[in-house]
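As structure tokens, the structure follows; a few thoughts come after it.
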4 protein chains.
Amino acid sequence: MATHSPRSDTRARIVAVSLELFSEQGYERTSLREIADRLGVTKAALYYHFKTKEDIVHGIVATTAAPIDELIAWGHEQTWSPEVRDELIRRFAAGISERAPLLRFFQENQPAMRDLSAGREFRARMINLVRLVHGPEASFEDRLRAAMSLFTINSALFLLHQEPDVPRVSEVAVAPATREEAIAAAQHVALEIGGLIGRP
Amino acid sequence: MATHSPRSDTRARIVAVSLELFSEQGYERTSLREIADRLGVTKAALYYHFKTKEDIVHGIVATTAAPIDELIAWGHEQTWSPEVRDELIRRFAAGISERAPLLRFFQENQPAMRDLSAGREFRARMINLVRLVHGPEASFEDRLRAAMSLFTINSALFLLHQEPDVPRVSEVAVAPATREEAIAAAQHVALEIGGLIGRP
Amino acid sequence: MATHSPRSDTRARIVAVSLELFSEQGYERTSLREIADRLGVTKAALYYHFKTKEDIVHGIVATTAAPIDELIAWGHEQTWSPEVRDELIRRFAAGISERAPLLRFFQENQPAMRDLSAGREFRARMINLVRLVHGPEASFEDRLRAAMSLFTINSALFLLHQEPDVPRVSEVAVAPATREEAIAAAQHVALEIGGLIGRP
Amino acid sequence: MATHSPRSDTRARIVAVSLELFSEQGYERTSLREIADRLGVTKAALYYHFKTKEDIVHGIVATTAAPIDELIAWGHEQTWSPEVRDELIRRFAAGISERAPLLRFFQENQPAMRDLSAGREFRARMINLVRLVHGPEASFEDRLRAAMSLFTINSALFLLHQEPDVPRVSEVAVAPATREEAIAAAQHVALEIGGLIGRP
DNA sequence: GATGAATGAGAATTCATTCAT
DNA sequence: GATGAATGAATTCTCATTCAT
């Protein structure tokens with residue numbers, strides 16, 4: 001018998017709708033009026049649940065970033081090894097579909113994120129994750145390899161949707177595949193790149 | 001000896017300052033007032049040279065994207081081979097220092113770029129470049145590898161500047177190096193990733 | 001005793017003040033700042049009640065044009081006859097004093113009205129009224145007579161106020177009379193002109 | 001061999017284009033940039049020929065209002081009689097096709113005209129013309145009749161073009177006729193209305 | 001747990017006008 | 001007889017935010 005707290009269904013809906021709009025249209029291009037309209041409430045209602053627009057971002061992170069924190073916590077418990085590295089990449093790829101909006105939001109709204117404490121904290125998380133992937137004593141090359149490895153996972157999903165409108169030269173292979181196949185491919189490439197870590 | 005045309009020194013300065021501010025603070029967070037103030041002119045002067053804020057972005061691309069167009073043109077003249085691929089990556093890395101603000105601007109302001117014709121055109125250019133790198137008949141993996149390869153070049157410069165403020169666990173190697181060394185390292189890793197193209 | 005709804009007293013005041021200023025100074029020569037200042041509110045308050053400046057015109061029509069719509073409705077219920085025609089003219093003249101600002105606004109701001117949907121709709125109303133006055137099977141002459149007949153009513157009020165500053169040749173009779181006398185005279189002439197309808 | 005003064009062909013073109021645009025789009029909705037663009041010159045060129053935007057209106061009147069001044073002068077030379085009255089109306093109707101843009105401009109841009117000296121002067125001319133039509137010792141009714149008589153002439157041309165887009169009830173007679181027929185009809189009605197002058 | 005009404009600050013944009021060349 | 005470059009003042013409109021109810 002699940003006793004999920006009944007209080008603030010609205011709060012959760014604000015978080016969900018905001019993340020959706022922020023990630024689709026951008027943080028600055030999404031007004032509180034737009035969020036309120038989508039929810040069928042007034043702007044003032046948003047202010048009952050959140051102190052500021054920035055605070056909604058806090059809410060988004062608090063609600064959505066748990067899996068990443070768990071991944072980081074797990075990583076900190078391990079002693080680095082190539083196997084741990086690969087497992088980090090795999091786990092990062094695992095829930096990517098659900099986390100995609102969050103990652104997209106942060107990646108595509110960097111200027112705003114630099115001004116938001118939630119943004120800076122999220123960046124710190126990602127840097128931590130990168131460090132866990134390359135392990136201690138890493139060279140600049142290795143940090144770059146680790147970063148690109150994780151980055152590959154996000155990028156795959158965007159790559160999937162963004163090409164159709166660019167005129168395609170005939171010889172280019174059409175390869176979209178399904179969302180799942182794309183993620184599998186992304187994980188594959190990410191592991192390849194991760195595998196380069198430690199090279200001279 | 002060279003009598004460079006005196007007219008529209010201002011126009012060039014608008015482009016330069018705008019690119020700088022757009023890339024540092026973001027497109028939406030940079031007002032025309034700010035640009036005008038930096039130049040010591042009025043907002044109306046900007047409108048003498050550019051029809052809209054969006055038009056300034058056009059001006060930026062027209063002024064700054066020539067090297068990328070040349071690279072694409074060069075690529076189209078070649079028949080794809082691993083050597084051509086590597087040469088594309090190397091040439092892309094070559095002038096990266098000067099082009100960094102432009103690339104940063106486009107990468108970090110995606111939501112705005114989707115609404116700007118100059119933004120969409122620039123994205124098309126990048127996708128073209130990726131296609132030249134992976135060559136014809138590419139699988140989704142290969143497209144991803146090509147994209148990440150080029151992406152590595154940009155990312156290196158940001159990675160260089162963005163870590164200092166994240167509390168560093170002692171064991172992590174400090175490795176920034178100079179700007180030139182960072183680019184050399186980025187090119188190295190980019191070629192590695194490019195070298196993965198064609199694998200099963 | 002009557003508890004008139006307290007909400008949106010401001011909205012009504014915006015409509016009233018806007019109509020007054022639009023009709024006195026013209027639509028384009030009246031800024032929202034001016035309207036706001038007169039009301040002792042901020043410009044943003046106007047935007048709380050109306051989406052755009054154009055929308056205020058909508059509000060004006062919705063609030064003020066009811067009597068004209070009723071007159072049109074009444075006209076549609078009648079079968080045309082000289083008596084109906086005269087009654088239409090009389091009823092049009094009846095409330096003219098209150099409707100004068102509205103009619104003046106539309107007559108003196110044609111260029112703006114062509115761009116405003118409320119403007120085009122209002123013009124359609126007036127054309128309908130003209131048609132009711134001349135009845136079916138009308139010649140071009142009759143349409144002109146009907147239009148001038150109604151037009152006489154508006155014009156009278158303007159004529160009343162606009163001559164004093166033009167240097168008067170001594171022999172011209174001074175005849176303003178009171179506002180009510182002017183309207184009576186206008187109705188008289190309007191009926192005369194209406195009476196010409198049907199002539200060869 | 002016509003020796004039309006060669007100086008300032010441009011000046012004449014500015015006047016012509018300005019009148020066209022002012023009368024079609026309105027005085028305030030027509031910017032100097034628009035006028036300059038149509039002429040293929042710069043805004044600054046307009047300022048070579050005219051001191052201000054208002055001064056262009058002066059130029060328009062000076063160039064176009066001569067026939068009206070001649071009509072007024074002629075009227076002043078006559079002793080009023082019903083025949084003179086009718087002849088004034090006929091002469092006013094005579095060149096109406098060419099003067100239509102000027103009259104439309106003044107009629108549809110009243111708010112701007114009140115602020116322009118050329119506007120006030122033109123209004124004075126029209127009032128003079130009205131006085132000549134009703135003659136001395138006129139009652140308010142007569143002034144109204146005279147005004148509406150002349151007004152009929154202008155109105156006819158607008159009526160001709162402005163109805164097509166208003167949904168027409170089937171029974172209404174379609175009657176446009178040609179431009180010339182419309183003017184003839186207008187003159188006819190104007191004389192009718194003028195004929196009412198002097199009635200009790 | 002909300003709403004209605006409002007604000008203050010600021011944004012992009014437009015316009016008539018000026019002046020050195 | 002013009003132009004190129006610029007300005008100052010204004011305009012419409014948007015947005016995050018506040019607060020009494």
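Proteins come first, then strands; the chains are lettered A, B, ... in the order of their sequence lines, and each starts at number 1.
- Taking the side chain of B:His49 as heavy atoms from C-beta on, and the options F:dA6, E:dA16, E:dA6, the nearest nucleotide is F:dA6.
- We find that CZ of C:Phe50 is positioned 12 Å from P of E:dA6, with the value rounded to whole Å.
- Pairing for E:dT7 is with F:dA16, a Watson-Crick or G-U wobble pair whose two hydrogen-bonding atom distances lie under 3.5 Å.
- Look at CG on A:Asp55: it is 13 Å from C1' on F:dA16, rounded to the nearest Å.
- Protein atom CZ of D:Arg33 is 15 Å distant from nucleotide atom P of F:dG4, rounded to whole Å.
- The pair C:Asp115-D:Arg29 meets the salt-bridge criterion, since a charged nitrogen lies less than 4.0 angstrom from a carboxylate oxygen.
- Taking only side-chain nitrogens and oxygens, A:Thr10 never comes nearer than 4.0 Å to OP1 or OP2 of E:dG1.
- Side chain D:Lys43 to base E:dT17: a donor-acceptor pair is found below 3.5 Å.
- To the nearest angstrom, C1' of E:dT3 lies 16 Å from CG of A:Leu32.
- When rounded to the nearest whole Å, the span between CG of B:Leu46 and P of F:dG4 equals 19 Å.
- Each of B:Tyr47 and D:Lys53 lies near DNA chain E, and the nucleotide nearest B:Tyr47 is the one positioned closer to the 5' end.
- Rounded to an integer number of Å, the gap from B:Tyr48 OH to E:dT18 P is 17 Å.
- Ionic pairing of D:Glu24 and D:Arg104 is not present here: no N-O contact between side-chain nitrogen and carboxylate oxygen is shorter than 4.0 angstrom.
- Comparing C:Glu54 and D:Ala44 by the nucleotide of DNA chain F that holds the closest heavy atom to each, the one mapping nearer the 5' end is D:Ala44.
- For F:dA10, the paired nucleotide is E:dT13, the pair qualifying as Watson-Crick or G-U wobble because both relevant distances are below 3.5 Å.
- The shortest distance between side-chain heavy atoms of C:Gln25 and C:Glu34 falls below 4.5 Å.
- With F:dG4, F:dC13, E:dA12 as the choices, the nucleotide that has an atom nearest any side-chain atom of C:Thr52 turns out to be F:dC13.
- In this structure, C:Phe122 and C:Phe106 have parallel ring planes: the angle between them is below the 30° cut-off, well short of the 60° mark.
- Distance CZ (D:Arg29) to C1' (E:dC15): 14 Å, rounded to an integer number of Å.
- We find that CG of B:Asp115 is positioned 15 Å from P of E:dA12, with the value rounded to whole Å.
- For the residue pair C:Gln107 and D:Gln107, no side-chain donor N or O sits within less than 3.5 Å of a side-chain acceptor on the partner.
- Put simply, B:Ser31 has a side-chain N or O that comes within less than 4.0 Å of OP1 or OP2 on E:dA11.
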